[in-house]
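Worksheet: the structure to be examined is printed underneath.
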There are 2 protein chains.
Amino acid sequence: METTQQKIIDAAIEVFNVDLSANLEVVADHAQVTRRTLHRYFKDRAQLMEACQTEMQGKCRSAMMAAIKSSTDPLAQLEQMLYAGIDCGSKYAFLDKLQQHPPYRQMPDTPEGEFDEIKKQWFAIVTGLQKTGIISAELTPAWIFVLFGGMVTTTINALGSGNVARNDIKRFALFSFSRSIGIHTNTNE
Amino acid sequence: METTQQKIIDAAIEVFNVDLSANLEVVADHAQVTRRTLHRYFKDRAQLMEACQTEMQGKCRSAMMAAIKSSTDPLAQLEQMLYAGIDCGSKYAFLDKLQQHPPYRQMPDTPEGEFDEIKKQWFAIVTGLQKTGIISAELTPAWIFVLFGGMVTTTINALGSGNVARNDIKRFALFSFSRSIGIHTNTNE
DNA sequence: TTCAAATGTCTCAAAAATGAGAAATATTTT
DNA sequence: AAAATATTTCTCATTTTTGAGACATTTGAA
């Protein structure tokens with residue numbers, strides 16, 4: 001079974017991903033725990049946030065690493081990275097969001113350093129794909145990066161909307177993402 | 001010049017789009033106004049929220065309407081709707097977000113009714129495009145709808161990241177969106 | 001069953017956010 | 001420049017959120 005501490009962290013990531021300053025009562029509820037219990041594990045909001053950071057970084061980083069190692073074909077790597085992002089769900093989306101806008105206030109200033117390494121590899125893969133003409137060179141890597149994050153968020157929203165079948169999601173996401181970055185080969189269909 | 005009230009509403013939409021429960025100080029700062037002034041225009045948070053709703057609904061609705069009326073070609077309509085969404089920026093993104101997750105707490109329950117009309121037309125256009133085989137029938141309209149909203153958010157993020165030139169944004173967005181929904185014709189390039 | 005750890009309940013005090021009055025300033029209008 | 005309006009500053013009371021102590025209750029392992 002999942003440890004209570006873990007339940008709280010997961011709940012926090014989900015809730016904060018939707019509402020960055022949701023109060024801790026909401027997080028506790030979502031974790032099906034009393035606020036009192038939450039406070040027993042995390043001295044304060046900052047500490048909980050930090051735990052979220054660590055969790056997100058760790059999970060996403062290793063999932064991305066695995067994705068990269070899963071193949072030497074850059075296109076397959078990118079596909080696996082997309083799936084990794086989707087599997088990490090709000091972990092990835094939230095992390096991505098925090099990196100983008102260092103929010104108007106507070107937040108333990110994202111140390112990020114760790115994630116940067118992955119990002120570097122991600123860019124290497126994408127520019128590689130552009131150089132070999134497999135994906136369009138019309139788009140900039142920076143745009144493609146934002147697209148990537150956007151696609152993960154989109155899958156979360158799709159799931160949450162209740163109008164897209166869970167089994168379709170990854171297929172749809174790959175279909176849409178690969179086309180959106182101007183892929184030139186034919187994906188299976 | 002822009003009225004103070006308007007400045008506050010715009011600031012609120014931008015801030016709340018990033019952090020739904022950001023405190024009013026942040027909104028006031030962002031609007032370059034004292035919290036005291038903000039409170040002179042809006043009795044409380046709920047009232048400010050309501051004003052945001054109205055603003056978002058109004059602006060987005062009319063922009064979407066205009067987009068639809070701009071042509072009888074459904075593909076052109078969809079393109080203009082995308083641009084409308086992008087121009088509305090966080091107005092659209094925030095509205096979209098609120099419709100998706102009625103957030104864990106509070107919020108004047110979105111009356112939405114108004115926006116529903118547009119949504120209906122949007123779906124009509126998309127299913128029409130699918131019937132005529134102009135866009136892939138492999139994807140469901142529901143997914144395409146989430147994609148649409150996601151693309152607007154993506155443009156906001158791209159802009160915010162500072163790594164994508166403002167002048168490229170719409171072109172990139174159209175390129176990526178039209179391909180992501182599995183368009184079969186060739187767009188200009 | 002029995003003990004220990006974990007969690008819930010109730011309570012309370014400190015801190016932060018909210019909303020507003022009153023007077024001082026600044027801005028616009030005439 | 002005077003009047004009218006809008007905004008800021010400072011202040012204060014209220015409410016909400018936060019963090020924690022003390023003790024009851026549950027749960028799980030021996």
Side-chain angles (χ1 to χ4, degrees), chain A residues 1-56 90 94 97-98 101-110, chain B residues 1-56 90 94 97-98 101-110:
Chain A
M1 186 202 105
E2 213 184 6
T3 155
T4 300
Q5 177 161 14
Q6 191 58 46
K7 261 201 314 191
I8 296 174
I9 293 178
D10 290 339
I13 291 175
E14 277 182 44
V15 170
F16 289 152
N17 187 44
V18 172
D19 179 359
L20 193 60
S21 344
N23 72 46
L24 299 182
E25 188 88 45
V26 178
V27 176
D29 285 356
H30 198 262
Q32 295 181 287
V33 166
T34 321
R35 195 166 59 81
R36 190 64 192 81
T37 300
L38 185 153
H39 276 297
R40 233 167 238 132
Y41 286 94
F42 305 98
K43 201 178 77 57
D44 57 23
R45 185 189 201 80
Q47 209 156 93
L48 175 55
M49 272 301 185
E50 207 181 308
C52 290
Q53 287 267 16
T54 308
E55 168 78 9
M56 296 186 292
S90 46
F94 189 23
K97 194 196 291 183
L98 288 187
H101 1 241
Y104 292 116
R105 264 219 200 301
Q106 72 250 97
M107 285 278 92
D109 11 304
T110 324
Chain B
M1 186 205 105
E2 213 184 7
T3 156
T4 301
Q5 176 160 13
Q6 191 59 46
K7 260 200 318 192
I8 296 173
I9 293 177
D10 290 340
I13 291 175
E14 275 182 45
V15 171
F16 289 151
N17 186 44
V18 172
D19 179 358
L20 194 59
S21 342
N23 73 46
L24 299 182
E25 189 89 45
V26 178
V27 175
D29 286 355
H30 197 262
Q32 294 182 289
V33 163
T34 322
R35 196 165 58 83
R36 191 63 193 82
T37 301
L38 185 152
H39 275 298
R40 215 159 255 131
Y41 285 96
F42 305 98
K43 205 177 71 60
D44 57 23
R45 186 189 202 80
Q47 210 156 90
L48 175 56
M49 272 300 186
E50 207 180 309
C52 290
Q53 287 268 15
T54 308
E55 168 79 8
M56 295 186 292
S90 47
F94 189 21
K97 195 195 291 183
L98 288 187
H101 3 238
Y104 292 116
R105 263 218 203 300
Q106 72 250 93
M107 286 280 92
D109 12 301
T110 325

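In what follows, every chain begins at residue 1, and chains take the letters A, B, ... in the order their sequences are listed.
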Take atom [atom1] of [X] and atom [atom2] of [N], then tell me their distance rounded to the nearest Å.
X: A:Glu25; N: D:dA20; atom1: CD; atom2: P; answer: 16 Å
X: A:Arg45; N: C:dA16; atom1: CZ; atom2: P; answer: 13 Å
X: A:Asp29; N: C:dT9; atom1: CG; atom2: C1'; answer: 15 Å
X: A:Leu48; N: D:dT17; atom1: CG; atom2: P; answer: 17 Å
X: A:Leu38; N: D:dA20; atom1: CG; atom2: P; answer: 11 Å
X: A:Gln47; N: D:dA20; atom1: CD; atom2: C1'; answer: 14 Å
X: A:Ile8; N: C:dG8; atom1: CD1; atom2: C1'; answer: 13 Å

Worksheet item: Axis-to-axis angle across the helix from C:dT1-D:dA30 to C:dT30-D:dA1, five pairs an end, to 10 degrees?
Response: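 One end axis against the other gives 40°.
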May I ask you to test the [X]-[Y] pair for a side-chain heavy-atom distance under 4.5 Å?
X: A:Phe16; Y: A:Arg45; answer: yes
X: A:Leu20; Y: A:Met49; answer: yes
X: A:Leu98; Y: A:Gln53; answer: yes
X: A:Ile9; Y: A:Phe42; answer: yes
X: B:Asn23; Y: B:Val26; answer: yes

Between the protein and nucleotides 20-27 of chain C, list every N/O to N/O distance that falls short of 3.5 Å.
| from | atom 1 | to | atom 2 | distance (Å) |
| --- | --- | --- | --- | --- |
| C:dA20 | OP2 | B:Lys43 | O | 3.2 |
| C:dA20 | N7 | B:Arg36 | NE | 3.4 |
| C:dG21 | N7 | B:Arg36 | NE | 3.3 |
| C:dG21 | N7 | B:Arg36 | NH2 | 3.0 |
| C:dG21 | O6 | B:Arg36 | NE | 2.9 |

Discussion item. Between B:Lys7 (side chain only) and B:Glu2 (backbone N and O only), is there a donor and an acceptor less than 3.5 Å apart?
Written reply: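 Side chain of B:Lys7 to backbone of B:Glu2, a donor-acceptor pair under 3.5 Å: no, none is there.
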Worksheet item: For C:dT7, does OP1 or OP2 lie under 4.0 Å from any side-chain N or O of A:Thr34?
Response: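 It does not, given that no N or O in the side chain of A:Thr34 lies less than 4.0 Å from OP1 or OP2 of C:dT7.
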Discussion item. Below the 4.0 Å mark, does D:dT7 have OP1 or OP2 next to a side-chain nitrogen or oxygen of B:Tyr41?
Written reply: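 Indeed, a polar side-chain atom of B:Tyr41 lies that close.
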Discussion item. From C-beta outward on A:Asn23, which listed nucleotide comes closest to its side chain: D:dT18, C:dA17, C:dT7?
Written reply: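 Output: D:dT18.
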Practice prompt. Using side chain to side chain donor-acceptor pair (under 3.5 Å) as the criterion, point out the one residue from B:Asp10, B:Thr4, B:Thr3 that pairs with B:Gln6.
Written response: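 By the side chain to side chain donor-acceptor pair (under 3.5 Å) criterion, B:Gln6 pairs with just one of B:Asp10, B:Thr4, B:Thr3: B:Asp10.
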Fill in: Contact summary for B:Leu24 and B:His39, nearest pair of heavy atoms
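In this case the closest contact between B:Leu24 and B:His39 is CD1-CE1, 3.8 Å.
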Worksheet item: Who are the side chain to side chain donor-acceptor pair (under 3.5 Å) partners of A:Gln32, not counting sequence neighbours?
Response: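 With sequence neighbours excluded, A:Gln32 shows a side chain to side chain donor-acceptor pair (under 3.5 Å) to no residue whatsoever.
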